[in-house]
A.B. asks: 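Below is a structure I'd like to ask you about.
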Amino acid sequence: MPSREADEFLVAFGQAVRRAREARGMSQEDLGFEAELDRTYVSGIERGVRNPTVKSIFRFAKALGVPPSVLMRRAERGA
């Protein structure tokens, strides 16, 4: 995947995480706590400036109550 496309996907993934978090009424701090990730990492993911690992994608999904594939599909539609 060319760099620009990859960057766009990171932004779309971050938007998918943000929408799911807000739909659950969670703050970034709440999500970080539930996912056992730092709030600044959550912020970086949501802004599309951090590249999540498979492990962190799993943690986000679990904390948000959705399968990881749901976040990825939402990101694919947004990219």
Side-chain angles (χ1 to χ4, degrees):
M1 182 180 293
S3 180
R4 185 176 61 85
E5 286 179 90
D7 291 344
E8 289 172 1
F9 188 81
L10 289 178
V11 170
F13 181 80
Q15 290 171 347
V17 169
R18 177 180 290 126
R19 284 192 296 270
R21 174 181 62 76
E22 290 175 345
R24 292 184 56 91
M26 300 172 83
S27 67
Q28 287 182 343
E29 191 168 338
D30 294 335
L31 178 55
F33 179 78
E34 291 297 324
E36 298 180 0
L37 298 165
D38 191 85
R39 186 208 55 81
T40 60
Y41 183 76
V42 173
S43 174
I45 292 295
E46 289 188 357
R47 290 181 290 121
V49 298
R50 298 292 305 258
N51 190 0
T53 64
V54 171
K55 193 174 191 176
S56 63
I57 291 169
F58 178 82
R59 288 178 172 185
F60 280 124
K62 186 172 181 177
L64 293 167
V66 298
S69 59
V70 168
L71 293 176
M72 297 303 281
R73 276 195 304 271
R74 290 176 182 171
E76 286 176 323
R77 285 191 295 249

A.B. asks: State the CZ-CD distance between Arg77 and Gln15, to the nearest 0.5 angstrom.
C.D. replies: 13.0 Å
A.B. asks: What about Val17 and Val11, same hydrophobic cluster or not, with Ile/Leu/Val/Met/Phe/Trp/Tyr joined at side-chain heavy-atom distances under 4.5 Å?
C.D. replies: no
A.B. asks: Taking all heavy atoms of Leu10 and all of Asn51, pick out the closest pair and write down the distance.
C.D. replies: CD2-OD1, 3.6 Å
A.B. asks: Looking at every heavy atom in both Ala75 and Ala12, which two are closest together, and how far apart are they?
C.D. replies: O-CB, 3.3 Å
A.B. asks: Between Glu46 and Arg21, does any NZ, NE, NH1 or NH2 come within less than 4.0 Å of an OD or OE carboxylate oxygen?
C.D. replies: yes
A.B. asks: Any non-hydrogen side-chain atom of Leu37 less than 4.5 Å from a side-chain atom of Leu31?
C.D. replies: no
A.B. asks: For Pro67 versus Ala61, what's the shortest heavy-atom pair and its separation?
C.D. replies: C-CB, 3.8 Å
A.B. asks: For residues Val49 and Val42: do they belong to one hydrophobic cluster (side chain heavy atoms under 4.5 Å, members Ile, Leu, Val, Met, Phe, Trp, Tyr)?
C.D. replies: no
A.B. asks: Test your reading of the model: is there a side-chain donor-acceptor pair from Asp30 to the backbone of Ser27, 3.5 Å cut-off?
C.D. replies: yes
A.B. asks: Roughly how far apart are Asp38 CG and Glu29 CD, rounded to 0.5 Å?
C.D. replies: 9.5 Å
A.B. asks: Got a sec: does the CZ of Phe33 have more than 12 other heavy atoms crowding it under 6.0 Å?
C.D. replies: no
A.B. asks: Parallel, tilted or perpendicular for Phe60 and Phe13, by the 30°/60° rule?
C.D. replies: perpendicular
A.B. asks: What I'd like to find out is whether the side chain of Phe9 reaches to under 4.5 Å of the side chain of Met72, using heavy atoms alone.
C.D. replies: yes
A.B. asks: Ser43 and Thr40: side-chain donor and acceptor closer than 3.5 Å?
C.D. replies: no
A.B. asks: Which heavy atom in Leu64 sits nearest to a heavy atom in Met26, and how many Å separate them?
C.D. replies: CD2-SD, 4.0 Å
A.B. asks: Grab the two heavy atoms, one from Ile57 and one from Leu71, that are nearest each other, plus how far apart they are.
C.D. replies: O-CD1, 4.4 Å
A.B. asks: Could you tell me the separation between the CD atom of Gln28 and the CD atom of Glu22, rounded to the nearest 0.5 Å?
C.D. replies: 9.0 Å
A.B. asks: What residues, two or more places apart in sequence or in another chain, satisfy salt bridge (Lys or Arg N to Asp or Glu O under 4.0 Å) together with Arg59?
C.D. replies: none
